[in-house]
Amino acid sequence: MAARPDSGLLAEMPMRFGDDALLWAAWLYYEDGLTQGEIAQKMGLSRASVNTWLADARARGLVNIEIQPEKFRAVALSRALKEHFGLQDCLVIPSEGGAMPLIERLGQAGAMALKRLVRPGDTLAVTWGRTVLALADALHHPGLADIRVVQATGSTTARIPWTPEACASRLASALGARWIPLAVPAIVSSPAVRDLLMQEPVLAEQLQVLGEASRIVMGISSMRPESTIHSSGFLEGIDQRSHYQDAVGSLLGRFISARGELVSGPVNDRTIGLDLAGLRAISQKIAVAGGMDKVAAILAALRGGYIDVLITDAATARGVLTADGWQESPRRNSPDPVSPAAARGYGKKLINAARDAVDESLAGALLAHENLIAPVPGTGRAVMAQQGPRPGKVGIVIGGGAGHEPGFWGYVGRGCADAAVIGNIFAAPPPGPILAASRAVHGGAGLLYIYGNFSGDVMNFDMAREMAEAEGIAVRQIVTCDDIASSSPDSRASRRGVAGNVFVFRIAGAAADQGASLETCEALARRAASRVYTMGLALEPARLPDSSRPGYSLGPGEMEIGVGVHGEPGEMRHAMVPADDAADLLLDRILAEMAPARGDRVAVLVNSLGATPAMELYILNRRIRQRLKAHGVSVSHSLVGPYYTSLDMEGVSLSLLHLDDDLAALLDHPCTTPALQISPPVK
């Protein structure tokens, strides 16, 4: 072992290390992030000595480097995607990773993959979008011979920085390649103009190069209003519902259905660039895309055979696989239910048969609250308010998977939702019952669908909306995205919808009960959805009825921060802390993003995720109210209890709704449902 530093240097060491210079070196390297050279300079040693000391620290057990098990799951998901869809290759990165946005992290992963895939002599076609531009910015791989980079489409509006020419030119620069643009707009005013331009010799030459592409790097666009296909100007002046209501995503400016088939419309014959047939003909199609809002679009592209290599994140990968019927195999290190170390690994359930649990639970709820809710005729998984549809009133239809009781049936009644549709545990309800509920509560003023941002719910409610609109029923939709742990603020549309749903249901239901129009109900509910923030933690995970086993394991001194409500693990593992510290962990994250001013008002929901008792919830509520008061924020509405659960999870979520006068007044509106009873104010 190297010699110890001299006594003069020891005198400078922090007191907590005493004279153990080896421990000091380990701290400087692993905790403070200093390089070995910086440590050598600080301690007056050679770099070789520092290297020896660090190795010795590992050998003596002073340092224990552990790769989180969740990272390995990304590898398993990659293998599952590759096998399930017959891909050439797949790279799945963790969905969370420090402060860097997911788009930038996907760009880095795409750059890593492209370095391995691209070869001298390649002609590389490139689409456009945020993620493709992030890939180009992250790539530096010059030195390959005879590389050509060609735009896959013409140019789009210059209002965005991720135009086709920007993506292609930057990628060409990163590869030291020759750039071939398509010197025309991606979308022109008419098919006649397109046909005329296609006859130009320069464009014909450029398109010939495009036809020789051996690989393509492409993004995938969802159909959300903030998506690349919208921001690029492809749908300007186009009624999406009339022409592209069957589209779930876009590739190359071409629209595809959930089955991966081309959806024809007025844009198709006005677009210049590679079409879907040409895309299929390219030998290696590399797609870089992620975020829960893109699950349906990525799945459609996979079903259509438009992807050979996929780079995505773990949450999106799991969403794509689950939406296509894949079931995750139990992890090999699942706890042994008879082992004392895994005493919580197996749970007891008061059920009959697991397959009957949802139906029997719903039947019991209908009997317990028969004065408020009733089954929708002809369905087994949809309930409606007893008073039935009111002529001229907007109908509010909510829904999602079972396992969140009293969600969703608990919010059906006067002043809240008119109907709720229930799926299997943590699974979306099918379109048929949603349509039946829509018919049952339609009072002639249209319907507002409200549901959480999960791939199955988005697809099935979209299908039900299309069927309802075909029958002449006007439908608007709100997709809730309040779980701040599931995505960064700049990709809020990718977030999960969780307990904040309760506030959005209330706002929409109160507005509809007051006779507001469909447009007004939608605007108010959308405002509430944009101003609600939720963060959760778990002490023990949920256990599904069919196995009674947890989805992941937690040690006796650990808790999971940022958990989902479908059994998903959180964004980080944390040592157990007292209740006040746990409340601070949740509240600080929310306040940092909400950024309320002194004097602002909020509504608070301290929500049990299933197995957390009222005593603990009120202890947390006490701390949250203390902190909000100190922050200068007043609480005008408060809910404490099991309002939106995750089976038997031992955990809690905190939701804050940032109020304005309109939202506060709507929360005061009378409400009578199984889970919420709000009386008229006393005069």
Side-chain angles (χ1 to χ4, degrees), residues 74 78 81 89-97 99-115 117-118 124-141 149 151-153 156 160-175 186 215-224 226-232 234 248-254 256 279 284-302 306-317 319-320 487-495:
S78 175
L81 279 167
D89 203 356
C90 182
L91 173 60
V92 177
I93 65 171
S95 297
E96 295 289 338
M100 185 179 294
L102 178 60
I103 286 174
E104 291 184 24
R105 297 173 62 245
L106 285 169
Q108 288 185 335
M112 290 170 52
L114 194 59
K115 283 182 181 180
L117 296 171
V118 71
L124 187 66
V126 182
T127 68
W128 78 103
R130 298 174 180 87
T131 310
V132 175
L133 186 62
L135 184 157
D137 287 340
L139 182 66
H140 181 70
H141 192 54
V149 173
Q151 284 178 221
T153 68
T156 61
I160 57 173
W162 46 84
T163 59
E165 56 270 35
C167 292
S169 63
R170 291 196 201 180
L171 194 64
S173 176
L175 291 170
R215 307 178 204 278
I216 185 170
V217 176
M218 61 184 184
I220 300 174
S221 176
S222 72
M223 297 300 291
R224 296 288 178 82
E226 69 278 5
S227 66
T228 296
I229 198 65
H230 280 275
S231 64
S232 301
F234 271 71
V248 299
S250 173
L251 300 167
L252 308 158
R254 317 286 176 164
I256 56 174
L279 176 61
Q284 190 171 71
K285 300 170 280 293
I286 306 163
V288 188
M292 292 303 292
D293 59 315
K294 293 192 177 183
V295 165
I298 295 170
L299 177 57
L302 288 164
Y306 302 117
I307 301 175
D308 298 308
V309 178
L310 176 63
I311 296 96
T312 189
D313 65 287
T316 305
V320 169
S487 186
S488 58
D490 62 347
S491 55
R492 176 160 182 155
S494 301
R495 290 176 169 175

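Keep in mind that what you see is a predicted model, and the values were worked out from it rather than measured. In what follows, every heavy atom counts, from backbone to side chain, and hydrogens, waters and symmetry copies are set aside.
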Under the criterion side-chain contact (heavy atoms from CB on, under 4.5 Å), which of Val126, Leu252, Leu279 is the partner of Met218?
Leu279
Does any part of the side chain of Ile216, heavy atoms only, come nearer than 4.5 Å to the side chain of Lys285, both counted from C-beta?
yes
Under the 3.5 angstrom rule, does the side chain of Thr127 hit a backbone N or O of Gly219 as a donor-acceptor pair?
yes
For Arg215 and Gln284, indicate whether the former's side chain and the latter's backbone hold a donor-acceptor pair under 3.5 Å.
no
Residues two or more places apart in sequence or in another chain: which of them pass side-chain contact (heavy atoms from CB on, under 4.5 Å) with Ala296?
Val248, Met459
In terms of heavy-atom contacts, Ala297 and Ser221 come closest through CB-O, 3.6 Å
Could you give the distance from CG (Leu302) to CG (Asp308), rounded to the nearest 0.5 Å?
10.0 Å
If I compare all heavy atoms of Pro164 with all of Thr153, which pair ends up nearest, and what's the gap?
CG-OG1, 3.7 Å
Keeping the roles fixed (side chain from Thr163, backbone from Thr156), state whether a donor-acceptor pair exists under 3.5 Å.
no
Does Pro161 have any side-chain contact (heavy atoms from CB on, under 4.5 Å) partners at least two apart in sequence or in another chain, and if so, which?
none
Interatomic distance, Leu139 atom CG to Met112 atom CE [nearest 0.5 angstrom]
12.0 Å
Under 3.5 Å, sequence neighbours excluded: what are the donor-acceptor pairs made by side chains of residues 167-175?
{"residue": "Ser169", "atom": "OG", "partner": "Glu165", "partner atom": "O", "Å": "2.8"}
{"residue": "Ser169", "atom": "OG", "partner": "Ala166", "partner atom": "O", "Å": "3.2"}
{"residue": "Arg170", "atom": "NH1", "partner": "Asp137", "partner atom": "OD1", "Å": "3.1"}
{"residue": "Arg170", "atom": "NH1", "partner": "Asp137", "partner atom": "OD2", "Å": "3.3"}

Could you work out, with salt bridge (charged side-chain N to carboxylate O under 4.0 Å, His left out) as the rule, every residue matching Arg254, not counting sequence neighbours?
none
Heavy-atom closest pair, residues Ala315 and Met292
O-SD, 3.4 Å
Please list, chain by chain and in numerical order, all residues satisfying side-chain hydrogen bond (donor to acceptor under 3.5 Å, both in side chains) with Thr316, sequence neighbours excluded.
Asp313
Are the side chain of Lys115 and the backbone N or O of His141 linked by a donor-acceptor pair below 3.5 Å?
no
Smallest separation among heavy atoms of Leu106 and Val288, with atom names:
O-CG1, 3.6 Å
d(Leu124 CG, Leu117 CG) to nearest 0.5 Å is 10.0 Å
If every non-hydrogen atom of Arg495 is compared with every non-hydrogen atom of Ser488, which pair is closest and at what distance?
NH2-C, 3.4 Å
So how far is it from Ser222 OG to Ile298 CD1, rounded to the nearest 0.5 Å?
9.5 Å
Taking the side chain as every heavy atom from C-beta outward, state whether Ile220 and Ile307 have any atom pair closer than 4.5 Å.
yes
Mind listing the closest non-hydrogen atom pair of Thr312 and Ala317 along with its distance?
CG2-CB, 4.0 Å
Between the CG atom in Asp490 and the CZ atom in Arg130, the distance rounded to the nearest 0.5 Å is 9.5 Å
Rounded to the nearest 0.5 Å, the CD1 atom of Ile311 sits from the CD1 atom of Ile93 at a distance of 10.0 Å
Ala134: partners by side-chain contact (heavy atoms from CB on, under 4.5 Å), with sequence neighbours left out:
Ile103
